[in-house]
Amino acid sequence: MQDINTDVLIIGAGPSGSVAAAYLHKQGLKVKVVEKSKFPRFVIGESLLPRCMDHFEEVGLLDCLKAENFEVKSGARFLRGDIVCNFDFSKKHTDGWDWTWQVPRADFDSALVNELLSWGVDIAFEHEVVEVEFNEDGSSRTVVKDEVGTSYNVHAKYIVDSSGYGRVLPRLLDLDKPSSIPEHSSIFGHVNDVNRPEGTEGTLITFDVLDKDTWFWVIPFSNGNTSLGFVGKNEFIDSFEGNTSERLMNMLKHSDYYYERFKDAPLLFEPKSIKNYSKAVKKFYGNGFVLTGNSAEFLDPVFSSGVTFATESALQASKLIAKELQGESVDWKADYEDYIKSGVDVFATYVKEWYTGNLQTLFFHRPENPDVKRQICAVLAGYVWDQTNPFVKKHNRVVKTMAHLINMEKEQSESV
């Protein structure tokens, strides 16, 4: 295979790579996408947030997704014992989309790449990046191995690493660093939801909180299947013996609410397991490259932020690349790294405060405070850059402070 010359090489064809490719293609730039997997392929990250709908709409990928008739997600439900906390995306502080989807990612990602292929975007599947070499001006030579093991070079002016869990450039350039998110593990799979109840109950995305560190997700799809997954400290996940099918079904016994519904549900494949999944990097960009989505940071999945950060970062990075290749000056520190990190930091606070128990105190405190709930709902919808929201602007202290006040009131009432 001959060497390939392109404006932008995109590593990975998931939502992040697809949004980047869509935007850059529409700007008239030559794009080459290399994807290690063969599509359709299973990947986790099936619960979207309303914020990412803005991104798909802006780059022209919304209509192809609407045609798939995915399950509509208009909010999320959190259960703890007999207390129910419902978030309705139409009742949030920040203006924006009030719905999104629950998606089997194999179908979702395939819909995106098929649309791009119909536009003429060059996407190579089962092609793996094995080496990258950068020049002083930021241009690069990337060695790619195709599906039969033949290597070729891609010469690009810019590289977008949207490789997700593959984390290609962080590995090749030694950019990984330890995450500040607590170490947890997860086991998850899909079942044929044979006992799905009629109506809203059967379609609700739900987080069943078993204790401060352990929770169970239920994500129903429009095709009749449902994604199930447990998240807990490593020692909890490791305490279950057997293969992942046996472990997942034994974990299910811990969910009083869902055990009867899913105890006889046939598993559609051997469940997957991920350990210590939260990731971080030393830097988000460099001379001639940028990291987007999970290639940069991956947080705990409790608030489904993965795809939204993937598409937000891809769109922002692509806009800056287009400007730079057109000769305009770009401040990558302010307009990319600082911007993306500000959103990541908000969600990271919520993840950390979830596991301290402070955020759970706010969720399950009764009576509910409608204003607080609207502000938190906007965060859960992915609008984490809205500085008019106190739960964004003061994220590093407001959750902790309010939980402390609630706990003090509880202690005073119990002592009376």
Side-chain angles (χ1 to χ4, degrees), residues 47 49-51 73-94 96 98 180-182 184 200-201 204-219 229-233 236 254-258 299-305 343 345-384 386-416:
S47 168
L49 302 182
R51 172 60 181 160
K73 174 186 173 184
S74 56
R77 176 173 67 176
F78 292 80
L79 308 177
R80 190 178 71 182
D82 59 356
I83 305 176
V84 180
C85 180
N86 276 309
F87 286 98
D88 179 344
F89 290 144
S90 68
K91 299 175 181 177
K92 64 183 184 305
H93 172 83
T94 307
D98 57 15
S180 60
I181 302 294
H184 288 78
T200 303
E201 174 63 32
L204 272 177
I205 179 171
T206 303
F207 302 87
D208 187 3
V209 182
L210 307 181
D211 60 45
K212 184 167 67 70
D213 288 293
T214 313
W215 54 278
F216 170 53
W217 78 66
V218 176
I219 307 175
F230 277 87
V231 173
K233 282 189 172 180
F236 171 79
H254 288 257
S255 175
D256 294 334
Y257 193 87
Y258 278 111
L299 304 177
D300 188 278
V302 64
F303 301 123
S304 307
S305 62
D345 287 347
V346 174
F347 258 117
T349 290
Y350 278 71
V351 170
K352 292 171 188 174
E353 295 293 4
W354 176 262
Y355 288 113
T356 65
N358 287 331
L359 190 57
Q360 295 183 42
T361 295
L362 269 61
F363 276 28
F364 298 111
H365 176 64
R366 295 296 178 270
E368 294 181 320
N369 182 318
D371 289 334
V372 167
K373 192 168 185 181
R374 278 194 292 270
Q375 291 162 5
I376 292 177
C377 188
V379 172
L380 301 187
Y383 292 93
V384 290
D386 177 11
Q387 292 294 310
T388 71
N389 184 351
F391 276 77
V392 170
K393 187 170 185 176
K394 303 175 183 178
H395 66 92
N396 56 347
R397 61 183 185 275
V398 66
V399 174
K400 187 182 301 183
T401 301
M402 291 201 68
H404 178 66
L405 292 173
I406 289 170
N407 289 329
M408 282 183 60
E409 289 176 7
K410 184 178 178 181
E411 289 174 5
Q412 290 173 355
S413 64
E414 289 175 350
S415 63
V416 173

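The first residue of the sequence shown is numbered 1, and numbering continues consecutively from there.
Residues V302 and V351 form a side-chain contact, since some pair of their non-hydrogen atoms from C-beta on lies under 4.5 Å apart. Annotation: side chain of F363 is in contact with side chain of I376 (closest heavy-atom distance under 4.5 Å). Residues R77 and C85 form no side-chain contact, since every pair of their non-hydrogen atoms from C-beta on lies 4.5 Å or further apart. The shortest distance between side-chain heavy atoms of L79 and V209 does not fall below 4.5 Å. Two residues are said to be in side-chain contact when any heavy atoms from C-beta on lie closer than 4.5 Å; F207 and I219 fail this criterion. Side-chain contact between Q360 and N358: absent, with no pair of heavy atoms (C-beta onward) separated by less than 4.5 Å. Residues F89 and Y383 fail the side-chain proximity criterion, which asks for heavy atoms closer than 4.5 Å. A 4.5 Å side-chain heavy-atom check between F87 and K373 finds at least one atom pair inside the cut-off.
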- Residues T94, D386; criterion side chain to side chain donor-acceptor pair (under 3.5 Å); working and verdict: CA-CA 7 Å; T94 307; D386 177 11; 2.6 Å; yes
- Start with the C-alpha gap between T206 and Y258, add the side-chain angles, then the distance that decides, and say whether side chain to side chain donor-acceptor pair (under 3.5 Å) holds. CA-CA 10 Å; T206 303; Y258 278 111; 2.9 Å; yes
- Item | L49 vs K73, side chain to side chain contact (heavy atoms under 4.5 Å, CB included): CA-CA, chis, key distance, verdict | CA-CA 8 Å; L49 302 182; K73 174 186 173 184; 3.8 Å; yes
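Between the side chain of H93 and the backbone N or O of T388 there is at least one donor-acceptor pair closer than 3.5 Å. Side-chain atoms of E353 never come within 3.5 Å of backbone atoms of L359 as a donor-acceptor pair (strictly under, hydrogens ignored). Between the side chain of D213 and the backbone N or O of K233, no donor-acceptor pair lies under 3.5 Å.
Residue pairs that meet the side chain to side chain donor-acceptor pair (under 3.5 Å) test with at least one member in residues 395-407, sequence neighbours left out, are T349-H395.
Annotation for K212: atom NZ counts as buried by contact number, over 12 foreign heavy atoms lying within 6.0 Å.
Considering W217, F364, W354, W215 as possible partners of F78, the one that fulfils the ring pair (Phe, Tyr, Trp, His ring centres under 6.0 Å) test is W354.
Relative orientation of the F236 and F230 rings is tilted, given thresholds of 30° and 60° on the angle between their planes.
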